[in-house]
A.B. asks: 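The following block contains the structure, expressed as structure tokens.
The figures here come from the full heavy-atom set of this structure, side chains too, leaving out hydrogens, waters and symmetry mates. Keep in mind the model is a prediction, meaning the values are calculated, not measured. Position 1 is the first residue of the sequence; numbering continues from there.
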Amino acid sequence: ELLPPVGPDDTYCLVPPTTRVVPPLPHEYVELMENYISAAAEGRVVVSFGTEERCIKTKGLSKARIKNIYVSLRWLGQGISALGLLPEGKAFDQSILTSPVLLYDVVDACATGRLGPICDTSTRRAQCNIAVSFLRWVDPSISSVDFEDLFRSVSLKNTSDVETEDKIRKRKACLSFIRDEKHQRRFFDMPGFFFDTAKPLIANFDELARPDGNGVSKEQNRALEIAIMAALTAINTRFPARLNTLNKIKIGGKYPHVLFPTEGKHDGCALLDIPGDIVKNGRYATGVPLMNGIRIKPREILKWYIDDVHPLVLKYKHKHAALRRPELLFTGLHDETIRRYWRNYTVIAGLDLTPHMCRHFTASLLLASGVAIEDIAELLCISVQVAEKTYAFVARNAVIQNVMEAQANIYRNLGV
């Protein structure tokens, strides 16, 4: 009733929202960027020895790090373009990159939304750090420039101490976990739950086939997925590696990553030899024993999986033969496929958590149990600084509880 009536000849003109078009980067800039990334990937670094320079070779960077560099340098290029320094139709002037003040302006353009949706400050800070390295590679004279003042700006302020919604959710989940023994028992019992469920299904795998014998049945698929979960949780609840690392574990080849020693201290356990090239930050872990519990025996689960399940997964869980990786524990299944299995079946086991939360639960419980943060950092293959920032809330929680108990002793002694 508050709107004017619409006549028969009246029409509405729907104007589509404006679409932000990112102009293409000049090929000279792209070539410069690719040369830098190539040098970083191969580990070629130019260093000064007195008055002379030499090119030395280092280990190089991981694929994930290279991808981050690529994204950051495109961010820098788009920032330069937004500032009007890369006009279309004109040759790229490399001297633009030799001005240290350029980065200040690009950061401002990003923070004010001129480069599209505004990213969080931690992302912008990481991109800016990579851009600094790139500019110094382009013009070594910039090495003497101190960008410390730039990183003090609000646009780049480190917000690692500020709790985001995701951090709040993880903190609450971890504190709930370390206070609930029932939750802990269900978590560490996951391998047994999946093993007990999957073992009879795999033993009768042929009986679960379709009556017509064409393809794999839903029951067979379910049996294989639960068996994969048994092997996955047998490792992840004992040695909480990242899913990307777990999915690259080898059981074949010259240097397998899963070992079953028949003598020595850990002759009843499975051992993991995790090389640095399959870990996010390159930290290796050698001779890691997957310790047995009263009921859960990771060695038994993994040997059963490798002997009985692995051939079936290779045969039935890959639509294309080219995707099969017989040397891998999980046969080359995509990370997202494994995550889907995890989401579907952990709920059945009475838990609601992601594969990555295994790391947070294990670390939180160990820290609350008095294990040194340095040792937890080694277990997670991360630095002590990252471990302290990530799990500081557990230590703070313990400190506050101890203080409250000390205070309670005071007023109890006073008879209050």
Side-chain angles (χ1 to χ4, degrees), residues 119-126 151-191 233 235-243 280-281 283 285 288 291 293-294 296 342-343 346-347 349-416:
C119 59
D120 58 74
T121 52
S122 59
T123 300
R124 192 181 304 124
R125 187 182 181 89
F151 286 93
R152 288 198 190 103
S153 67
V154 176
S155 303
L156 294 175
K157 187 177 180 182
N158 196 339
T159 57
S160 58
D161 296 330
V162 178
E163 271 199 318
T164 61
E165 288 187 10
D166 185 57
K167 286 184 178 180
I168 292 172
R169 179 182 59 80
K170 288 180 179 178
R171 173 174 59 82
K172 289 183 176 180
C174 290
L175 290 178
S176 173
F177 178 75
I178 64 179
R179 294 167 182 163
D180 188 347
E181 285 190 6
K182 185 179 179 182
H183 199 177
Q184 296 168 22
R185 190 173 291 108
R186 192 178 291 128
F187 173 77
F188 288 110
D189 190 53
M190 275 199 298
T233 54
I235 299 174
N236 211 21
T237 57
R238 269 63 184 170
F239 182 70
R242 294 180 178 87
L243 180 58
K280 181 180 178 181
N281 52 14
R283 289 174 176 249
V288 178
M291 306 299 290
I294 295 175
I296 309 299
W342 186 281
R343 286 194 302 268
T346 50
V347 174
L351 292 165
D352 182 16
L353 74 161
T354 63
H356 197 77
M357 281 304 292
C358 291
R359 294 169 61 82
H360 291 281
F361 280 179
T362 304
S364 300
L365 187 59
L366 290 173
L367 188 56
S369 302
V371 177
I373 192 69
E374 293 82 5
D375 298 337
I376 294 171
E378 285 297 328
L379 173 70
L380 300 180
C381 295
I382 58 177
S383 67
V384 176
Q385 292 79 8
V386 171
E388 286 176 339
K389 287 181 180 180
T390 307
Y391 303 103
F393 61 84
V394 178
R396 288 185 66 248
N397 185 67
V399 169
I400 292 172
Q401 287 185 355
N402 292 336
V403 171
M404 298 305 291
E405 289 175 6
Q407 181 180 236
N409 289 333
I410 294 173
Y411 57 67
R412 285 168 187 159
N413 292 334
L414 294 173
V416 179

A.B. asks: Quick one, Leu351 with His183, criterion side-chain contact (heavy atoms from CB on, under 4.5 Å). Give me CA distance, side-chain angles, the key distance, then yes/no.
C.D. replies: CA-CA 8 Å; Leu351 292 165; His183 199 177; 3.2 Å; yes

A.B. asks: Heavy atoms, side chains only, cut-off 4.5 Å: are Phe187 and Leu353 in contact?
C.D. replies: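 Contact flag for Phe187/Leu353 side chains = yes.
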
A.B. asks: Return the minimal non-hydrogen interatomic distance between Ile178 and Ala368, and the atom names on each side.
C.D. replies: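 Between these two residues, the closest heavy atoms are CD1-CB, 4.0 Å.
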
A.B. asks: Answer whether the closest heavy-atom distance between the side chains of Met357 and Cys174 falls below 4.5 Å.
C.D. replies: yes

A.B. asks: Do you know which two heavy atoms are closest between Ala241 and Asn236, and how far apart they sit?
C.D. replies: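 So the minimum-distance heavy-atom pair works out to O-OD1, 3.2 Å.
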
A.B. asks: Is any side-chain heavy atom of Gln184 closer than 4.5 Å to one of Asp180?
C.D. replies: no

A.B. asks: Decide if atom CD of Gln401 counts as having more than 12 heavy atoms of other residues, nucleotides or ligands within a radius under 6.0 Å.
C.D. replies: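 Yes, CD of Gln401 has more than 12 neighbouring heavy atoms, counting only those of other groups under 6.0 Å.
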
A.B. asks: Which pairs, with at least one residue in residues 369-386 and sequence neighbours excluded, count as a salt bridge (charged side-chain N to carboxylate O under 4.0 Å, His left out)?
C.D. replies: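 Pairs touching residues 369-386 that pass the test: Arg283-Glu378.
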
A.B. asks: Over 60° means perpendicular and under 30° means parallel, so classify the ring planes of Phe361 and Phe177, tilted if in between.
C.D. replies: parallel

A.B. asks: Ignoring hydrogens, what is the shortest heavy-atom contact between Ile373 and Glu388? Give both atom names and the distance.
C.D. replies: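 That closest heavy-atom pairing would be CG1-CG, 3.9 Å.
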
A.B. asks: Carefully, step by step, assess Leu175 and Phe393 under the rule side-chain contact (heavy atoms from CB on, under 4.5 Å).
C.D. replies: CA-CA 9 Å; Leu175 290 178; Phe393 61 84; 4.0 Å; yes

A.B. asks: Taking atom CZ of Arg412 and atom CD of Gln407, what is their separation to the nearest 0.5 Å?
C.D. replies: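 Answer rounded to 0.5 Å: 10.5 Å.
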
A.B. asks: When rounded to the nearest 0.5 angstrom, what is the spacing between SG in Cys358 and CE in Met190?
C.D. replies: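 One finds 5.0 Å between SG of Cys358 and CE of Met190.
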
A.B. asks: What pairs meet the side-chain hydrogen bond (donor to acceptor under 3.5 Å, both in side chains) rule with one or both residues in residues 352-364, with sequence neighbours excluded?
C.D. replies: His360-Tyr391

A.B. asks: I need the minimum non-hydrogen distance between Arg242 and Leu380, along with the two atoms involved.
C.D. replies: NH1-O, 4.3 Å

A.B. asks: Find the distance between CD1 (Ile376) and CG (Leu367) and round it off to the nearest 0.5 Å.
C.D. replies: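 It comes to 4.5 Å.
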
A.B. asks: Just how far is it from atom OG1 of Thr390 to atom NZ of Lys170, taken to the nearest 0.5 Å?
C.D. replies: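 Thr390 atom OG1 to Lys170 atom NZ measures 8.5 Å (nearest 0.5 Å).
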
A.B. asks: Check salt bridge (Lys or Arg N to Asp or Glu O under 4.0 Å) between Arg179 and all other residues, then give those that pass, not counting sequence neighbours.
C.D. replies: none

A.B. asks: What's the shortest heavy-atom distance between Ala285 and Phe239, and which atoms?
C.D. replies: CB-CZ, 4.0 Å

